Amino acid sequence: MAEKQTWSADSYARNARFVSDLGADVVALLDPKPGERILDLGCGDGALTEKVAAAGAEVVAVDSSPEFVAAAKERGLDARLMDGEALTFSGEFDAVFSNAALHWMRDAAAVLDGVSRALKPGGRFVAEFGGHGNVAAIATAMVAVARHRGVDPAMAHPWYFPTPAEYADLLEAKGFSVETIFAFSRPTPLPTGMKAWIAVFRDPLFRQFGSQREEALDEAEALLAPALCDSSGKWHADYVRLRVAASLKPVF
């Protein structure tokens, strides 16, 4: 069985704070209102959840990582440990919001079933996550290193990255009316470099290398340098994001 991704809130804050920093546009699309009850699905350490709550909404934040839930609670948030593919809420939220989390939940149909149950009739669903082609170069390099060194290459790509058409079809099938959905390229600066990104987001893959872990990280970095490191030594991740706003169709 593949090892599960685990998270360190401190490491995430050091090496991946850009994830929540880049979430301002999707919060604007959500447009939270005072008094609304909103579910943040895959809240991470709660940095973006705070911005939703600052608008005056009552926010419940859920994540499958105990470390992230603890960090979110330290911010004073109502954060709960919960599997995003098995949400337990029923008809209590005006909106469900998610940023940079849904691509970690490979059973997208189960996720949307839970979102649908959680929403009030007519409630809205606003999300941004990895779309088709996200981190394509990074994943390809990690697969190459895994094959070269004789470990499981499947662990290099554990994500769900749908096309807009694919995800729109799924939303419609689950009872949503799609208001906007599009993918866009967003080359993203990595302030602490490519090795730090890989170490945070694909630690299960690189744990397989044992004592050769650093050598494997160096090999992946060397493969990626021509495409993702500029002449001044600054790294970018080849991000493609999918942004969506939908509402739950009323049932007559």
Side-chain angles (χ1 to χ4, degrees), residues 2-26 42-48 51 63 65 67-68 71-72 99-104 128-161 183-243:
E3 291 188 68
K4 185 178 179 181
Q5 173 75 22
T6 57
W7 300 100
S8 159
D10 289 341
S11 177
Y12 192 87
R14 286 194 307 272
N15 298 303
R17 177 52 63 215
F18 60 85
V19 173
S20 56
D21 291 345
L22 291 170
D25 286 349
V26 73
C43 65
D45 65 4
L48 200 58
K51 296 180 180 180
D63 203 283
S65 163
E67 293 83 3
F68 277 160
N99 180 66
L102 295 180
H103 49 258
W104 291 100
E128 184 179 297
F129 59 107
H132 183 69
N134 191 58
V135 297
I138 296 173
T140 299
M142 292 191 296
V143 167
V145 171
R147 288 177 175 170
H148 177 222
R149 294 177 176 268
V151 303
D152 182 8
M155 295 179 68
H157 197 300
W159 304 290
Y160 167 70
F161 295 147
F184 60 100
S185 177
R186 188 172 67 202
T188 301
L190 302 179
T192 56
M194 180 56 67
K195 283 176 65 175
W197 187 99
I198 293 172
V200 168
F201 290 105
R202 283 319 305 131
D203 180 58
L205 170 68
F206 284 87
R207 284 202 298 269
Q208 295 181 102
F209 297 109
S211 63
Q212 295 185 340
R213 180 178 184 274
E214 287 301 315
E215 293 176 24
L217 283 166
D218 287 340
E219 184 177 349
E221 184 181 61
L223 288 171
L224 288 164
L228 299 180
C229 187
D230 67 22
S231 59
S232 66
K234 294 179 181 177
W235 286 91
H236 289 72
D238 55 330
Y239 276 16
V240 175
R241 311 315 271 178
L242 190 151
R243 188 175 295 169

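This one's a predicted model, so the numbers in the text were calculated from it and none came from an experiment.
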*Asks:* In Å, rounded to the nearest 0.5 Å, how long is the span from CE of M155 to CZ of R207?
*Replies:* 7.0 Å

*Asks:* Can you measure from CG (L205) to CG (D203) and round to the nearest 0.5 angstrom?
*Replies:* 9.0 Å

*Asks:* Less than 4.5 Å apart, any side-chain heavy atom of I138 and any of M194?
*Replies:* yes

*Asks:* In the structure I gave you, are the side-chain heavy atoms of H157 and M142 within less than 4.5 Å of one another anywhere?
*Replies:* no

*Asks:* With rounding to the nearest 0.5 Å, note down the distance linking OH in Y239 to CZ in R186.
*Replies:* 8.5 Å

*Asks:* Consider only side-chain N and O atoms of S65 and D63, and report whether a donor and an acceptor are under 3.5 Å apart.
*Replies:* no

*Asks:* Between L224 and A137, what is the shortest heavy-atom contact and its length?
*Replies:* CD2-O, 3.4 Å

*Asks:* Under a 4.5 Å cut-off applied to non-hydrogen side-chain atoms, are E128 and F184 in contact?
*Replies:*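 Result yes, sub-4.5 Å side-chain heavy-atom pair found.
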
*Asks:* Shortest non-hydrogen contact from L217 to A199?
*Replies:*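 Result for this residue pair: CD2-N, 4.5 Å.
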
*Asks:* Between CG of N134 and CG of D238, what distance do you get to the nearest 0.5 Å?
*Replies:* 7.0 Å

*Asks:* Do W197 and V135 have side chains that approach each other closer than 4.5 Å (heavy atoms only, starting at C-beta)?
*Replies:* yes

*Asks:* Return the orientation label for the W104 and F201 ring planes: parallel under 30°, perpendicular over 60°, tilted otherwise.
*Replies:* parallel

*Asks:* Quick one: are W159 and F129 in side-chain contact, heavy atoms under 4.5 Å?
*Replies:*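 When only atoms from C-beta onward are counted, F129 and W159 do not touch, as no gap falls below 4.5 Å.
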
*Asks:* Which distance, rounded to the nearest 0.5 Å, do you find between the CG of L102 and the CG of L242?
*Replies:* 9.5 Å

*Asks:* Looking at G44 and A72, what are the two nearest heavy atoms and their distance?
*Replies:* O-CB, 4.2 Å

*Asks:* Would V145 and E221 count as a side chain to side chain contact (heavy atoms under 4.5 Å, CB included) if you check the C-alpha gap in whole Å, the side-chain angles of each, and the deciding distance to 0.1 Å?
*Replies:* CA-CA 10 Å; V145 171; E221 184 181 61; over 6 Å; no

*Asks:* Would you mind reporting whether K195 and W235 have side-chain heavy atoms less than 4.5 Å apart?
*Replies:*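 Contact flag for W235/K195 side chains = no.
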
*Asks:* Is the closest side-chain heavy-atom distance between F209 and E215 below 4.5 Å?
*Replies:* no

*Asks:* Nearest heavy-atom pair of V143 and P153: which atoms, and what distance?
*Replies:*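 Reported closest heavy-atom pair: CG2-O, 3.9 Å.
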
*Asks:* With a 6.0 Å cut-off (strictly less than), is the heavy-atom count around CZ of R147, excluding the residue itself, greater than 12?
*Replies:* no

*Asks:* Would you say H132 has more than 12 foreign heavy atoms packed within less than 6.0 Å of its NE2?
*Replies:*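 It does not: H132 NE2 has 12 such atoms or fewer within range.
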
*Asks:* Considering non-hydrogen atoms only, spot the tightest contact between A220 and F206 and give its length.
*Replies:* CB-CZ, 4.3 Å

*Asks:* How close do R241 and A100 get, counting heavy atoms only, and between which atoms?
*Replies:* NH2-CB, 3.7 Å

*Asks:* Are D25 and R243 packed together at the side-chain level, in the sense that at least one heavy-atom pair is separated by less than 4.5 angstrom?
*Replies:* yes

